[in-house]
Amino acid sequence: MKKTLKKIISLALVAVMACSCAALAGCDGGKGEKVKIGIGLYQDQGPAVTATRAFLDGISEELNCEFTYVTLSQTDEAANKTAAQQLISSGCKGMILTMDSATEAILQECEKAGVYLGGYLSDYETSFDKVKNNPNFVGTVVDGRYSGTQWGEEIAERIINEGYKNIGMIKFPSFAFPHQNEMDTAFRAKIEEYNKTAADADKITVQAETTELMFQPLSADYFSANPDIDAIYGMCAGVDFIYPTLTQNNKTNIKLYTAGFSVDDSVLSNFGTSGNGCFQELVFSNVEAITYPLVMILNKIDGEEFSDNPSEAQRVDSSQIRITNNEELDTVKEKSMYYTGKFENSFLSASDVSALLAKNGGTHEDLVKAVQSMAMEDLEAK
Amino acid sequence: MTKKLLTIFKKTLLTLAFPVGMFLVMWLITAVSGVNNFVSPIIMRQVLTNGSLTTIIALAIYLQFKNGRFDFSGGATMILTAIIAGNVTYNAGGNFLMFLGLCVAVGVILSFITSIIYSFSRVPVIICTIAVTLVYEAITYLIFDAKGLNIISYDIAMFGKVPFIFIPLVIAVIVFLFYSNFTVEGKRGKLLSMGQRSAVNIGIAENKNVITCYLVTGIILGLGALVYGSQNIISPQSNLSTSSILFSYIVPVFIGMFLGRASVDAVGIAVASIGMEIMNSGLDCLGVGGGGVQQIIFGMFMLGFYAFSGQFEKLKNLFMRKTLKNTI
Amino acid sequence: MKQSAIVQIRKMNKNFGPTVALKDVDLDFYPGEIRGLVGENGSGKSTVTSIMAGMQKPTSGSMFYNGAEWKPESMAYAQRKGISMILQEANTISGCTVAENIFAGDIASFSKFGIVNTKAMNKAAQQRLDAFGLTRIKAADVIDKYNFEDRKLIEVVRCVVEETRVFVVDETTTALSVDGRKILYDIIHRLAEQGKSVVFISHDMDEILEQCTSLTVLRDGSIIGTIEKEELKGAATDSEKEKLIEKIRFMMVGREIGNAYYRSDYDVSHSDEVALEFDNVSVGPVKNFSLKLHKGEILGFGGLSDCGMRLIGRAGFGLEKLSGGKVVRNGKVINNSITAIKSGIGYISKNRDTEALILSADIAENISLPSYSRLSKFTFINPFTKAKMVNKEVDNYKIKCKTPRQAVNTLSGGNKQKVSFAKWTAKDSDVLIMDCPTRGVDIGVKQAMYGIIADMKKSGKAIILISEELSELIGMADKIIVMKDYAISSEFMRSPDLKETDIIGTMI
Amino acid sequence: MGQEAIIKKTGNGQNGFWGLVKSHIFDIFSVLGLILCVVIFTITSNGNLWNAYNISILIETVCGYMILSLGALFVYSMGFMDVSVGVQLGVYSILMIFILNSTGSMLLAFVTVLVLALLCGAFNGAVAVWLGLPSIVTSLFLMFVFGGIQYILIERTGSNMISVENYDISKFADSKIMILAMVAVGIVVFYAFNFTKLGKYTKSIGANEKTTAQCGVNTTLWKVIAYMMFGVCVAIAAVFLLARTGSAGKGTGSTYAMDIMLCIILGGMPLSGGMSSKVRCAVIGTLTYVLLSNGLTLSGVDIQTIHIIKAVIFLAIVLLTCRDKGKILPR
């Protein structure tokens with residue numbers, strides 16, 4: 001009886017091995033001369049991942065590319081280097097990574113193997129100055145705008161217009177997200193400017209010291225420390241870190257202006273005037289922005305160069321979709337690939353991307369323009 | 001009769017000493033530091049919500065502990081249960097009762113699978129449950145498009161809030177107490193954990209007991225999943241990351257086991273959980289919540305408490321000679 | 001000629017891997033008899049009874065109980081059907097109440113829909129305890145409150161129930177004091193009078209002769225012979241008894257044991273040099289104990305199991321924290337086992353399998369463990385030097401094994417004990433404290449060990465021999481110290497005229 | 001563990017080839033697992049497993065794990081577990097960067113970390129004994145404290161991570177040096193584990209602490225030494241881990257505590273320690289573990305599928321190597 005059991009287990013092991021073998025063999029597919037590009041995302045799930053994959057799937061045929069995905073760690077450089085190495089080892093000619101982590105070490109590997117690296121939705125804050133002249137680094141496209149000033153001002157204007165008087169301020173620690181300081185400063189400056197001219201009753205109170213979240217949900221004592229707030233400017237990802245605390249403490253009457261987006265109905269059904277109306281602003285970056293590093297890498301691989309190629313690697317802003325009211329939300333639901341996860345909703349078609357390649361006559365200016373013309377008005381115009 | 005009342009009074013006092021003491025200490029510290037929002041209904045509600053969750057999970061961990069096993073898979077079972085039950089309920093448009101039912105059902109099924117693997121594979125329990133943990137974590141990537149779970153803002157997440165949170169809490173405590181004190185398998189489990197070989201020789205069917213115990217753990221884990229899923233956004237897990245759930249909820253178990261000696265173990269754990277949450281909330285108010293300082297204080301407290309309770313035992317032995325006989 | 005057998009065992013075989021434990025055993029047990037089973041360790045006496053009692057399954061063969069085929073699935077099942085057995089090792093479960101222990105296999109009978117009625121269970125347990133005259137034991141108490149002996153008796157209460165037809169006692173009495181034994185003897189005799197069958201396994205020949213109505217001898221898994229009631233009762237005088245025992249021993253071992261069982265000499269001389277001194281030692285309940293052990297002396301300690309002698313032994317090896325006084329060897333105070341071993345003291349624990357040996361380790365490892373400090377040269381332990389040392393000991397003690405790399409738990413009890421002796425001779429210890437060194441060891445090995453102990457004395461080693469077997473103390477010790485209630489109650493010098501009865505009086 | 005199980009594990013002195021096979025069945029399974037991994041991944045990765053670049057990254061990845069699990073052997077053979085290694089590695093990396101950046105002296109950086117690692121080892125070994133705590137408690141304590149320190153250190157830098165400046169740490173990431181380090185540590189550990197008191201005593205402590213103590217072994221002292229030995233390995237591993245990226249952040253090292261445990265289990269060693277602890281458990285386990293991740297990625301397996309394949313293979317290997325045939329369920 002025991003012996004049979006052992007045999008069964010051995011057989012099972014062999015079977016598992018064999019199955020995985022077969023599965024793997026299936027994975028290989030037609031190789032041809034497709035160019036292999038590795039994509040390292042710091043999330044392994046979620047709408048951004050789905051949309052990125054959908055976009056790359058949609059354009060892979062036209063560009064004759066094949067994409068391999070790995071998940072990066074947000075905190076562990078060694079793990080990220082291993083992931084990058086494995087991409088190189090599996091034959092990738094280029095890599096697009098969303099984390100600026102161990103970048104210098106990874107670039108050394110790239111130099112050894114002749115692989116190109118590009119950044120995606122990341123400003124490469126820590127390493128950019130050191131790597132921008134590295135021939136294997138093609139530049140990065142930022143998650144929205146590099147500077148936070150503009151958005152801070154925009155939110156301040158909305159708040160002034162919509163008449164909220166007591167504003168809570170929440171952000172991530174500045175060691176991790178330095179640009180949220182700019183939003184903070186810009187917001188406060190704008191409000192102060194308004195307060196100078198406003199009647200006493202209309203003056204806006206802003207939380208004196210911005211609360212920093214250590215990547216943990218807001219704690220309930222926030223409400224006892226700031227009892228009277230009627231709106232929160234959440235510079236950090238408020239969907240995951242602020243909203244849960246609001247619902248749990250029945251504070252959804254507080255309006256939330258925050259970065260980030262969710263395709264989840266629990267968020268969207270409470271946006272603007274619908275549901276509890278807690279969410280007033282959501283912002284996300286378009287996954288199509290990956291076109292920038294991708295095109296730059298493909299140019300390098302092709303051995304082509306833009307006529308107006310910049311002398312050093314660039315940090316390019318991308319346009320963001322700001323959702324400020326229900327109509328805009330409906331537009332997003334209808335037309336944005338980020339929400340639908342369907343390639344047909346993409347800003348750029350496969351041939352659009354292909355046309356941007358240097359060998360097809362594209363220019364750097366076109367490329368930058370392409371990733372910067374994907375804002376709300378562009379979506380509405382689509 | 002009055003004597004009995006007096007003992008009950010004494011036991012209650014001893015049991016409550018920990019959270020009350022913790023409250024006073026934190027209150028004093030916050031007051032001295034000029035933080036005046038510590039004593040507020042919001043904080044109290046936070047203590048109760050978090051404390052209830054901690055209690056339920058700690059009970060599930062402790063039930064296996066009490067039966068002589070260190071089950072590594074508790075965290076993974078809970079996460080997977082929450083993801084499955086939550087998503088199914090949501091997709092089916094079910095209500096919070098359906099969520100409750102599904103959580104318990106899925107928790108029981110997963111625990112049953114674990115127990116079957118353990119009792120028939122006869123692999124040492126830690127190693128076996130580590131393997132099971134890896135499998136359950138991997139499954140979180142395979143189901144529901146690896147979305148994890150995010151239902152905190154729906155009505156089905158009702159059990160995550162005061163006062164409804166007390167319903168799963170009370171069920172968990174009752175199930176725990178009922179199983180370990182009043183049922184045949186609970187008694188058998190006690191015999192097995194204290195003297196495994198002897199109990200097997202006497203003729204207690206160990207496999208059956210292990211499976212029953214896991215089924216009960218499954219109920220409690222299911223309730224834990226219900227509350228956890230109602231309070232947290234859950235993302236898929238990998239590489240034993242769920243062990244951090246285990247390690248962070250094990251401290252109340254350690255403390256509760258000691259406090260429980262004054263009364264009943266389950267009550268000790270509940271009281272320890274509340275006490276720890278008072279500490280956490282106090283630290284939050286002081287502005288050191290969630291950061292490195294809190295972790296360090298937490299670690300210091302755990303070691304200090306454990307060391308104290310260890311010495312307590314030795315002190316007690318000094319006055320009770322009886323143990324001497326047993327060592328020879 | 002007599003009633004039909006209550007249990008019949010036919011052609012029973014049992015193998016443990018390649019080891020044959022039982023070979024075609026045929027055995028009958030009759031109502032109203034107390035059947036002694038004797039044989040060396042590993043002769044199969046425990047195996048055959050444990051199969052009968054449902055603890056393990058036979059490899060082949062059949063059993064009949066009350067004429068019907070008997071295939072017990074567990075000990076609990078067998079007990080419900082009337083065959084119960086008390087095991088040699090402690091089988092109560094600490095941390096649980098007495099009642100839970102008594103009804104461990106039977107909790108379900110106090111339950112409705114899976115819910116246990118604890119009150120009813122405690123009440124029933126108390127009734128059972130009272131029926132056995134153990135009114136001082138309270139059913140609702142946690143069993144840890146009671147000592148080893150009481151726990152053994154609680155086990156008896158668990159095993160003997162109304163349905164019991166066959167009751168097996170496997171070497172239980174070694175754990176019991178005289179009082180405890182008396183209670184057990186009463187129980188088995190009462191059962192026999194009620195027409196039930198008792199199977200009694202023991203190493204203590206005198207006990208067997210006194211209590212049993214018939215006797216079966218096993219050797220190497222086979223039945224060698226049976227001594228019937230008539231022959232047992234026939235041996236009335238001391239010399240006849242002596243002869244009978246001689247005969248039984250011959251059957252057990254298969255060869256002449258001879259007279260040189262214990263030490264033959266009565267030379268109590270020893271060097272004047274003090275090897276170990278207890279200076280006003282207070283440990284636990286033992287107060288102000290003083291004693292000098294000399295080189296070449298065998299000091300025997302006797303008494304009931306809880307008389308304090310064991311504490312003295314542990315204190316001598318530095319295992320106990322002293323509340324007063326000191327243990328000294330060569331001017332050095334012994335306050336823990338490390339200083340003890342450094343100054344050449346060795347200790348053989350009574351708990352052989354849990355304290356004296358590492359069961360999962362091989363023979364070589366066990367023997368060399370205390371000697372590694374000596375073997376280690378500039379951190380290097382030379383495997384060849386080690387093997388040489390181990391081989392010497394294995395040869396010296398004639399440890400039965402295929403290779404020294406064999407795990408200790410594959411050895412029989414006697415050979416295990418040889419290993420725990422060997423590790424101290426390998427270490428070259430000059431003082432040896434032995435706590436029940438021959439417990440559970442069969443005659444052949446026992447004889448060899450007595451020879452070794454006698455040789456040790458000759459070579460000038462100092463020995464403390466703690467034993468519950470008086471005959472062993474009389475046979476081996478130069479001086480016997482009897483302890484009672486944690487103090488010395490009497491001392492006897494070695495003499496051919498010393499009788500057990502002289503000593504027992506001072507023990508109780 | 002059941003008595004019968006011990007017999008099973010240690011072999012029962014049978015003769016002949018099959019006796020030998022039977023008594024080493026668990027070792028054979030773990031080696032077979034490794035060979036199977038190599039063969040299958042060679043096929044599924046179209047030979048990419050063996051290209052020079054992949055070999056070099058394999059060496060780089062294995063190095064850290066290998067040194068750590070070789071050191072962990074001493075702790076695991078006593079039946080203890082150290083969950084604090086991961087955060088310790090993180091803090092050590094950060095400290096080394098601080099020291100390198102301010103003094104430029106690798107020696108100073110290493111010695112500081114070594115001293116800290118030794119102190120942690122001593123703490124783990126001694127405090128648990130002195131206060132009468134289970135060793136997991138002190139190790140949890142260190143985990144919380146070091147986790148907190150790592151967080152605070154990084155927070156203080158005002159950045160997400162810090163990097164080594166003005167010092168070429170990447171010279172330690174050279175394959176030759178890494179192999180050299182692994183072999184050197186391997187030889188020392190092999191020697192210490194099989195031919196010195198340290199190895200003999202840690203195994204005996206794992207098998208039966210009471211007996212070991214009664215054989216005149218100062219178990220507290222040797223526990224401390226064993227933990228310190230691990231500490232030395234942690235310090236060495238920290239250098240090589242840092243050399244890989246030249247930077248450290250909040251999560252640096254955090255996964256190592258659990259990974260090492262998985263390595264050792266994959267090598268066929270019971271977590272209860274004792275006599276069946278072998279150096280080859282650490283070696284084979286580490287190789288299998290690293291190969292599994294590397295091979296699956298190289299073969300182009302989807303990220304989400306890698307987890308389940310790894311888990312199932314782990315389960316299968318565990319079922320084959322850790323089965324216990326005793327009468328009672330092993331705990």
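What you see is a predicted model; the values in this text were computed from it and never measured. Throughout, protein chains are lettered first and strands after them, A, B, ... in sequence-line order, and every chain is numbered starting at 1.
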Using non-hydrogen atoms only, which part of [X] is less than 4.5 Å away from chain D: side chain, backbone, both, or neither?
X      : result
A:S101 : both
A:K130 : side chain
A:T126 : side chain
A:Q108 : side chain
A:I88  : both

Going from OG1 on D:T245 to CD on A:E109, what distance comes out if it is rounded to the nearest 0.5 angstrom? 11.0 Å

Measure the spacing between CG of D:L296 and OG of A:S90 and express it to the nearest 0.5 Å. 12.5 Å

With side chains defined as the heavy atoms from C-beta onward, is the minimum distance between A:Q85 and D:R244 less than 4.5 Å? yes

Do A:S89 and D:N51 have side chains that approach each other closer than 4.5 Å (heavy atoms only, starting at C-beta)? yes

Chain D interface, residue from A:A79, A:A102, A:G91 that has the most non-hydrogen pairs under 4.5 Å: A:A102

What residue in A:L87, A:T68, A:T82, A:T103 has the most heavy-atom pairs under 4.5 Å with chain D? A:T82

Just wondering, more than 12 heavy atoms not from [X] lying within 6.0 Å of its [atom1]?
X      : atom1 : value
D:K171 : NZ    : yes
D:N166 : CG    : no
A:E61  : CD    : no
A:K93  : NZ    : no

Checked D:S247, D:G251, D:S56, D:S170 vs chain A; the most non-hydrogen pairs under 4.5 Å come from D:G251

Bottom line for D:Q150: the part with an atom under 4.5 Å from chain A's heavy atoms is neither

Part of D:T252 lying under 4.5 Å from any heavy atom of chain A: both

Side chains of A:Q86 and D:T297: any donor to acceptor distance under 3.5 Å? yes

